[in-house]
Each structure stands twice: as C-alpha cells, then as structure tokens.
Number of protein chains: 2
Amino acid sequence: MPKKKLEDALSSLKALGHRLTAPRKAILEVMAAESRPLSVEDIHHYVEQQTPCDLATVYRNMDACLEADIVQKCMLENGKVLFELVGEHDHHHHIICRKCERTDRIDLCLTEEMKTVASSLGFTEVSHVLELYGICSACK
Amino acid sequence: MPKKKLEDALSSLKALGHRLTAPRKAILEVMAAESRPLSVEDIHHYVEQQTPCDLATVYRNMDACLEADIVQKCMLENGKVLFELVGEHDHHHHIICRKCERTDRIDLCLTEEMKTVASSLGFTEVSHVLELYGICSACK
DNA sequence: ATTATTGCAAACCCTTTGCAACTTA
DNA sequence: TAAGTTGCAAAGGGTTTGCAATAAT
C-alpha cells in the first residue's frame, strides 16, 4: 500500500509542525510513486511536471524529511546522493548497478552482528550504511 | 609491518607506469604512517609539513591510487570522503563516531552472504560499502 | 628526449543561504 | 495574524581541469 506510506509521511511532517504546501505534497507524491532511491535532480524533474518548484525547495524538504525520519539518504560510491521514502521498520539496503544505476532492494541486514561488534568497542547508538554494487544482468 | 604496505603501494604504482615523485612519495608515506582513513585535506596538511604539494596533486594521486587499487574510499554519512591505504586481502570496514569522527577498524565482513543475495538478483562483480556509525565511549 | 607530473588559477558542480514575498493554519 | 515556506539569486565548499613549467625515466 503505497498510499499509506504517503499519508504516514505527510502526517509525520505535520506532527513536527510542518505545513502542507503544494511543492511539499508533490515531492512526497513523487517519492511515494517511484519507491526507489531518487536524486534531488530526479525529484525536481518529476515534481516540476505537476507543480512549479525550486531546486532549493527540494533540498530543504529533504532536510525536513530526514529530520522527520521518513526518508533515507544513500551515498553512492561515486559521490552521488539519493533519497528514498521509507516507512517505519522498513530498514533495508540496495544493490546498485555500476553502469546503469539500476537499483534493487535487498532485505539482507546484519544489524545484530553489527551492534555486537560495535558495543564491544564501546560504541552506542549504532547505525550503519550498506550499499552493494555490481553489474546487473542487463548491462553485463 | 607498515613499511611493507608502503613499498607495495609504491611498486603497484610503478607497475602501472607511474613515476615516483616527491609529492607522491610523501602522500603515500603519510597514509602508511597514519593507517586510518584520512580526508584529502588531512593528507594535504600532513604532506605539506615535509614537501610542498598542491591540493590538486593530492586529488590526482587519490585517483591514481584508486585505479591501482591500493587505497579504499569511504563515504561518510555526512558526505565527507576519506581515503585509506590498504594492502591486498585487507578488506575491512570502520565504525565512526558521529561526534568526534574517531575511527575504529572492524573486521566483521559479510562478503559471502552478499555475493549470494546479489547473484540471485543477477548481479555480478559484486562489491560493497559498509560503514558503521555510533557514539564512542569518550563522547558518550 | 619523451612523457608523466606538478602548480596555479579558473572553472565546475552541487548545495546552502539571505531575504522579501507569499501561504498555511 | 503569526509563523512556516517558497523563489530567486548570490555565495559556498569541495573537486576538477587546462596549460605551461618541471622532473622522472
């Protein structure tokens, strides 16, 4: 139910005192519809097809969404940055094609192992970033 | 034996037709001596204490070292980029303190699991990026 | 001698910021 | 009406590039 993800996102923002403007709604709609990691440029491009929206507005909304914990930021090997709308308890990772940037979701996760290792080193509040890279079947 | 890592690095570059210049040697010495992930800025700072060296030279050398596969690039959550000199078969990861950026090495790695998942999705030549974040004991 | 490498400065790109105008609640 | 939000344009910061001078092989 992608509709639910969108509604949840909107109410999370509202809960933090944010207002529902046209650009903001359009940004979230785009992210909910695509349900894959998108660059700021991508988001801006799609949003403009339905509402005028400044690039800076997209950046500012990504910040708000990160604070609200409704989007996840992924850093690619090449330095590019992507954002993905995620629901609660929806932690996951991706495998990204080095050639075409096709992105697949991966549910493999190793939170427990990592917490164990980390706490043995004295670290708390542990989180992690994991991205896989490869060549997808279409590009090989 | 950190000395060996340095020598190996130098000969890897030589093998690719690169020359051994003063700035290049200094850059590798610094990376070998620190044996932790360093930013371009860090490297530049240390190198300048022994040899004049332009920032652009550090960037260009990082590119050469990545191609030669003697340094590993790590992307931090906040977008910062670090480079670390690594030997062969020395794949590893880090846990980074969100407050002070203290970095510890972690040997936990899950290459096999990842290859399995990735190939079931049709991906080949799989690599991965993994960084843990937390609050270290000194900062907590 | 040949070719890689360097320094310098300018160009670039992505991202952030200040501010006045405008919306939302 | 008060406070968040936007657009615009300018500023920022890190990284890359062109080119002539320099140094390594």
Side-chain angles (χ1 to χ4, degrees), chain A residues 7 9-31 37-68 70-71 73-83 101, chain B residues 7 9-31 37-68 70-71 73-83 101:
Chain A
E7 284 163 18
L10 290 169
S11 52
S12 293
L13 288 177
K14 226 171 184 171
L16 289 179
H18 291 294
R19 295 175 182 179
L20 261 58
T21 65
R24 176 164 294 156
K25 233 184 322 185
I27 288 168
L28 290 172
E29 274 165 20
V30 163
M31 297 188 81
L38 296 174
S39 68
V40 166
E41 219 181 340
D42 290 337
I43 297 169
H44 181 243
H45 172 79
Y46 290 130
V47 168
E48 285 256 286
Q49 299 181 346
Q50 54 176 101
T51 310
C53 174
D54 197 83
L55 244 193
T57 298
V58 181
Y59 281 106
R60 286 191 272 232
N61 273 285
M62 290 306 102
D63 288 345
C65 291
L66 286 172
E67 275 175 44
I70 58 178
V71 317
K73 185 181 187 179
C74 352
M75 314 281 302
L76 269 52
E77 267 181 338
N78 60 16
K80 289 187 187 169
V81 181
L82 305 179
F83 297 92
E101 288 193 5
Chain B
E7 285 163 18
L10 291 169
S11 50
S12 294
L13 288 178
K14 225 169 183 173
L16 289 180
H18 290 295
R19 297 175 181 177
L20 261 59
T21 65
R24 176 164 294 156
K25 232 184 322 184
I27 288 168
L28 290 173
E29 276 166 18
V30 162
M31 296 189 81
L38 297 173
S39 68
V40 165
E41 218 182 340
D42 290 337
I43 296 169
H44 181 243
H45 172 79
Y46 290 129
V47 168
E48 284 257 285
Q49 298 180 347
Q50 53 177 101
T51 310
C53 175
D54 197 82
L55 243 194
T57 297
V58 180
Y59 281 105
R60 286 191 271 231
N61 273 284
M62 290 306 103
D63 288 346
C65 290
L66 285 172
E67 276 176 44
I70 57 177
V71 318
K73 186 180 186 179
C74 354
M75 314 281 305
L76 269 53
E77 267 180 337
N78 60 16
K80 289 188 188 170
V81 181
L82 304 181
F83 297 92
E101 290 193 3

Least distance between heavy atoms, B:C53 atom then B:V58 atom
SG-CG2, 4.0 Å
Nearest atoms (heavy-atom pairs only) where A:S39 meets A:L82
N-CD2, 3.6 Å
Heavy-atom nearest nucleotide on DNA chain D taken for B:V81 and for A:P23; more 5' hit belongs to A:P23
Look for any protein N or O under 3.5 Å of an N or O in nucleotides 20-25 of chain C and output each such pair with its distance, or none.
{"unit_1": "C:dT24", "atom_1": "O2", "unit_2": "A:R19", "atom_2": "NH1", "d": "2.4"}

What is the distance, to the nearest angstrom, from the CG atom on B:L16 to the P atom on D:dA24?
19 Å
Could you go step by step and tell me if B:M62 and B:I43 meet the side chain to side chain contact (heavy atoms under 4.5 Å, CB included) rule?
CA-CA 10 Å; B:M62 290 306 103; B:I43 296 169; 4.0 Å; yes
I want to check one thing: is the phosphate of D:dT16, taken as OP1 and OP2, less than 4.0 Å away from some side-chain N or O of B:R60?
no
Gap between atoms NE2 and C1', on B:H44 and D:dG13 respectively (whole Å)
16 Å
What closest approach, in Å, do B:M31 and B:L38 show between heavy atoms, and which atom pair accounts for it?
CA-CD1, 4.4 Å
Interatomic distance where OH belongs to B:Y59 and C1' belongs to C:dG7 [whole Å]
16 Å
A:L13 CG to D:dT5 C1', straight-line distance once rounded to whole Å:
13 Å
In terms of side-chain heavy atoms of A:A56, which of C:dA9, C:dT15, C:dT17 is nearest?
C:dT17
Using whole Å, what does the distance between atom C1' of nucleotide D:dG14 and atom CG of B:D42 come to?
14 Å
A:N61 CG to D:dT5 P, straight-line distance once rounded to whole Å:
8 Å
Take atom CZ of B:F83 and atom C1' of D:dG14, then tell me their distance rounded to the nearest Å.
11 Å
Do you know the tightest heavy-atom contact between A:I27 and A:T57?
CD1-O, 4.3 Å
So which atom in A:D54 and which in A:A56 form the shortest heavy-atom distance, rounded to 0.1 Å?
OD2-N, 2.9 Å
Selection residues 19-30 of chain B - residue pairs positive for side-chain hydrogen bond (donor to acceptor under 3.5 Å, both in side chains), sequence neighbours left out:
B:R24-B:N61, B:E29-B:Q50
State which of D:dT6, D:dC8, C:dG7 makes the closest approach to the side chain of A:T57.
D:dT6
B:N78 CG - D:dG14 P separation (whole Å):
11 Å
